[in-house]
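Values below: all heavy atoms of this structure, side chains included; hydrogens, waters and symmetry mates excluded. Chain A is the first sequence line, chain B the second, and so forth, proteins listed ahead of strands; every chain is numbered from 1.
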Protein chains: 2
Amino acid sequence: MRQALDTIAPRPADRERQVTTVVDVARRAGVSAATVSRVLAGRNVVAAATRERVLEAVRALQFQPNAFAQGLRSGRGQAVALLVSDIEQTVYSALTKHVQAALEEIGLDLLLFNLGHRQDRLRGLLERATALRLRGIVIASNDVIPMRELKPLVSALQRQGVSILSIGQRLDRYGIPSVVHEETAAAARAAQYLLDTGRAPIAYLSRIRNSATGQERYRGYLAALKGAGIDVDPALVWDCSYRYAAGYEAMSRALDRRLAFRSLLAASDELALGAMAAALDRGLKVPDDVAIIGFGGIAWGEHVRPALTTLGADPKAIGEHVRDMFRNLLDGGDVPRQTVVKRPLLLRQSA
Amino acid sequence: MRQALDTIAPRPADRERQVTTVVDVARRAGVSAATVSRVLAGRNVVAAATRERVLEAVRALQFQPNAFAQGLRSGRGQAVALLVSDIEQTVYSALTKHVQAALEEIGLDLLLFNLGHRQDRLRGLLERATALRLRGIVIASNDVIPMRELKPLVSALQRQGVSILSIGQRLDRYGIPSVVHEETAAAARAAQYLLDTGRAPIAYLSRIRNSATGQERYRGYLAALKGAGIDVDPALVWDCSYRYAAGYEAMSRALDRRLAFRSLLAASDELALGAMAAALDRGLKVPDDVAIIGFGGIAWGEHVRPALTTLGADPKAIGEHVRDMFRNLLDGGDVPRQTVVKRPLLLRQSA
DNA sequence: GCGCAGCCTGCAAACGTTTTCTGATATCGT
DNA sequence: ACGATATCAGAAAACGTTTGCAGGCTGCGC
């Protein structure tokens with residue numbers, strides 16, 4: 001019995017597992033199960049006196065209706081799955097926080113799945129949705145999604161009444177309503193700001209190939225240059241990952257090659273900070289020698305010296321839109337194909 | 001009809017909502033529903049030929065068993081709730097990532113709830129657990145939990161067969177198996193390191209009052225000083241929040257008051273970085289004038305100059321322990337009251 | 001040739017709700 | 001005072017799965 005001291009066996013005997021049901025409540029209140037259900041559903045077809053007795057019994061027995069029975073009977077649960085690229089990145093954790101809060105407001109639970117940038121996991125996860133009788137699925141991913149092959153599955157789910165939403169990436173041409181941050185316009189605005197402050201030539205640093213948002217931001221950069229009548233210098237466009245180290249390395253290499261540029265637009269704050277560190281390490285002054293603008297508005301950028309100028313995010317607004325859309329969808333209403341959330345240009349010290 | 005162009009109405013007519021059930025599969029395979037169930041449950045009491053026919057039908061119809069029906073029948077679902085202080089903090093998002101992955105390995109879904117440091121939300125969330133027929137609840141919070149008043153509720157849940165685990169905070173004296181990082185010992189180790197390198201006096205910066213881990217870390221600091229025969233100087237113990245700004249402010253004030261100390265042990269990386277920034281702003285050299293050690297191992301600390309020496313975390317190990325414990329619990333086995341995960345002392349530049 | 005064991009499969013009940021249908025009582029108008 | 005109507009509450013079916021029980025069939029030993 002010594003082991004009992006440092007282990008815990010929380011599983012009780014099976015007979016103990018009794019949980020109060022609607023019939024227990026009914027018996028105590030002297031009514032039928034149907035009546036209890038009606039009271040709890042808030043139908044006002046129940047006489048006030050009866051309702052009181054029922055509510056009293058519910059309180060006394062601490063009755064909690066079995067969600068599985070409800071879900072089985074109604075054919076639908078109260079859960080929404082959130083599929084996220086990488087919860088560890090602050091963009092996604094901030095998003096998750098606000099989406100969770102917003103869904104909680106309308107009584108929905110959040111089932112979290114972390115894709116870990118593995119797009120092949122998507123199919124399996126979407127297939128689970130049917131079994132789980134989900135209310136909806138929210139996809140939050142910047143990675144390019146193989147919608148071509150996923151489309152039939154998505155349509156089948158939608159036919160089953162599962163509301164599918166995309167956050168951060170436009171998927172509306174596949175029939176998926178999307179809530180996105182401003183990307184192209186935001187990047188263009190940032191580039192324009194650099195042009196206006198006489199910072200041309202502007203280098204561009206981003207994950208472009210496999211990132212949907214990366215591509216959109218890149219278009220904004222191109223548009224701004226084109227608007228100013230400037231030709232894009234391919235040597236100043238650096239396609240890499242989104243990580244800090246990649247930014248550091250790209251900037252180092254550019255300086256080694258003595259490329260001529262007076263500013264940098266980076267498609268993520270991590271990249272921007274990495275690049276900034278490299279520039280500072282080589283004795284350059286930021287923003288005097290090279291101005292830098294990032295993307296995302298992470299906390300770290302606010303505290304670093306010089307503080308990072310960046311296109312911020314608004315996860316709260318996104319969460320609220322998601323909530324409103326679900327509210328609409330549950331009422332059988334329509335929902336906009338696309339909702340765009342503004343990105344504030346947070347002017348700090350680096351540009 | 002113009003509106004149809006930019007809105008989407010994904011809800012189909014109700015009659016369309018048909019989803020294949022076990023009877024559909026049974027009919028197609030020419031067997032009874034019971035047999036289908038047996039095949040899917042992996043019971044080998046079914047003849048090989050029959051099993052093949054059933055599996056063929058399952059594939060053809062893309063059958064997915066209704067999780068609600070299963071949950072209702074078996075009295076228990078496949079979901080675990082993760083209650084987190086603040087998913088936006090990297091500590092928690094890293095934890096969440098690994099816990100999710102670990103649970104997925106054993107076929108459990110993760111229901112995420114963000115406490116937002118509001119302990120009053122705990123009760124309501126725990127009450128929901130009964131309705132949701134959860135497999136388990138994982139509490140990941142540094143905040144002090146009012147276990148005194150929650151204990152009856154927790155016991156009731158455990159009696160219902162809900163496995164409750166705590167991450168990061170020892171709750172085993174309330175019958176909740178806990179997986180924790182080394183705190184007291186880690187703080188003592190860090191303080192000892194500072195002593196060994198001749199960095200006394202050591203200032204201590206933390207959220208102490210309302211943080212369970214804050215208290216444990218503080219005990220480590222005290223123990224190390226006591227071990228070295230040094231009296232604690234109350235003026236060098238600064239109790240504040242865990243945020244960057246608090247660290248900056250605390251250090252600024254200490255320098256204004258010309259307090260004498262040659263190093264700082266901070267109970268979070270954010271605090272440490274804030275304090276370091278304040279020191280650098282006043283022209284002090286880190287680590288020469290003041291050495292700094294943080295707690296947590298966040299990414300930012302690795303990139304800042306000087307790079308932050310810190311007690312790291314091991315969320316992966318924690319996730320794996322949680323997985324193993326659930327595996328055990330689902331088999332009706334015992335589980336250790338307490339599991340301690342080591343913190344590596346990541347020696348970088350700041351100390 | 002008969003009984004018996006063993007293998008496989010079907011029947012039906014059960015999980016806990018919600019909802020439709022129906023019936024009982026009270027209320028009202030004439 | 002009688003029938004019509006409104007109001008409330010119960011009985012029972014249904015949601016889709018799992019499982020105990022029973023039964024049919026095959027093969028075997030006697």
>> Before you tell me yes or no, could you show the steps for B:Thr21 and B:Asp24 under side-chain contact (heavy atoms from CB on, under 4.5 Å), namely the whole-Å CA-CA distance, both residues' side-chain angles and the distance that decides it to 0.1 Å?
In response: CA-CA 5 Å; B:Thr21 79; B:Asp24 300 323; 3.7 Å; yes

> So do B:Thr96 and B:Leu110 actually touch side chain to side chain, heavy atoms under 4.5 Å?
Replying inline: yes

> Between B:Ala26 and B:Ser32, which heavy-atom pair has the shortest distance, and what is it?
Replying inline: CB-C, 3.5 Å

> Looking only at heavy atoms, what is the nearest atom pair of A:Phe326 and A:Gly136, with distance?
Replying inline: CE2-CA, 3.9 Å

> Heavy-atom distance under 4.5 Å between the side chains of B:Leu157 and B:Thr130, does that happen here?
Replying inline: yes

>> I need the full list of side chain to side chain donor-acceptor pair (under 3.5 Å) pairs touching residues 99-125 of chain A, with sequence neighbours left out, sorted by first then second residue.
In response: A:Gln89-A:His117, A:Gln100-A:Glu104, A:Glu104-B:Arg121, A:Glu105-A:Arg323, A:Asp109-B:Arg128, A:His117-A:Asp143, A:Arg118-A:Asp120, A:Gln119-A:Asp143, A:Arg121-B:Glu104

> Which angle, to the nearest 10 degrees, lies between the helix axes at the two ends of the helix from C:dG1-D:dC30 to C:dT30-D:dA1, each defined by five pairs?
Replying inline: 60°

> Could you run down nucleotides 17-27 of chain D 5' to 3' and tag each one B, S or - for protein heavy-atom contact under 4.0 Å?
Replying inline: BBBB-------

> Whole Å only: how far is the CD atom of A:Glu52 from the C1' atom of D:dA9?
Replying inline: 17 Å

> Along DNA chain C, 5' to 3', what are the outermost nucleotides having an atom less than 4.0 Å from a heavy atom of chain B?
Replying inline: C:dC8 to C:dG16

> Does anything in residues 46-63 of chain A pair up under salt bridge (charged side-chain N to carboxylate O under 4.0 Å, His left out), and if so which pairs, sequence neighbours excluded?
Replying inline: A:Arg28-A:Glu56

> Is A:Asp331 reaching over with its side chain to a backbone N or O of A:Gly333, donor-acceptor style, under 3.5 angstrom?
Replying inline: no

> What pairs with B:Ala317 under side chain to side chain contact (heavy atoms under 4.5 Å, CB included), at least two apart in sequence or on another chain?
Replying inline: B:Asp314, B:Val341

> Can you check whether A:Leu95 reaches A:Val84 side chain to side chain, under 4.5 Å on heavy atoms?
Replying inline: no

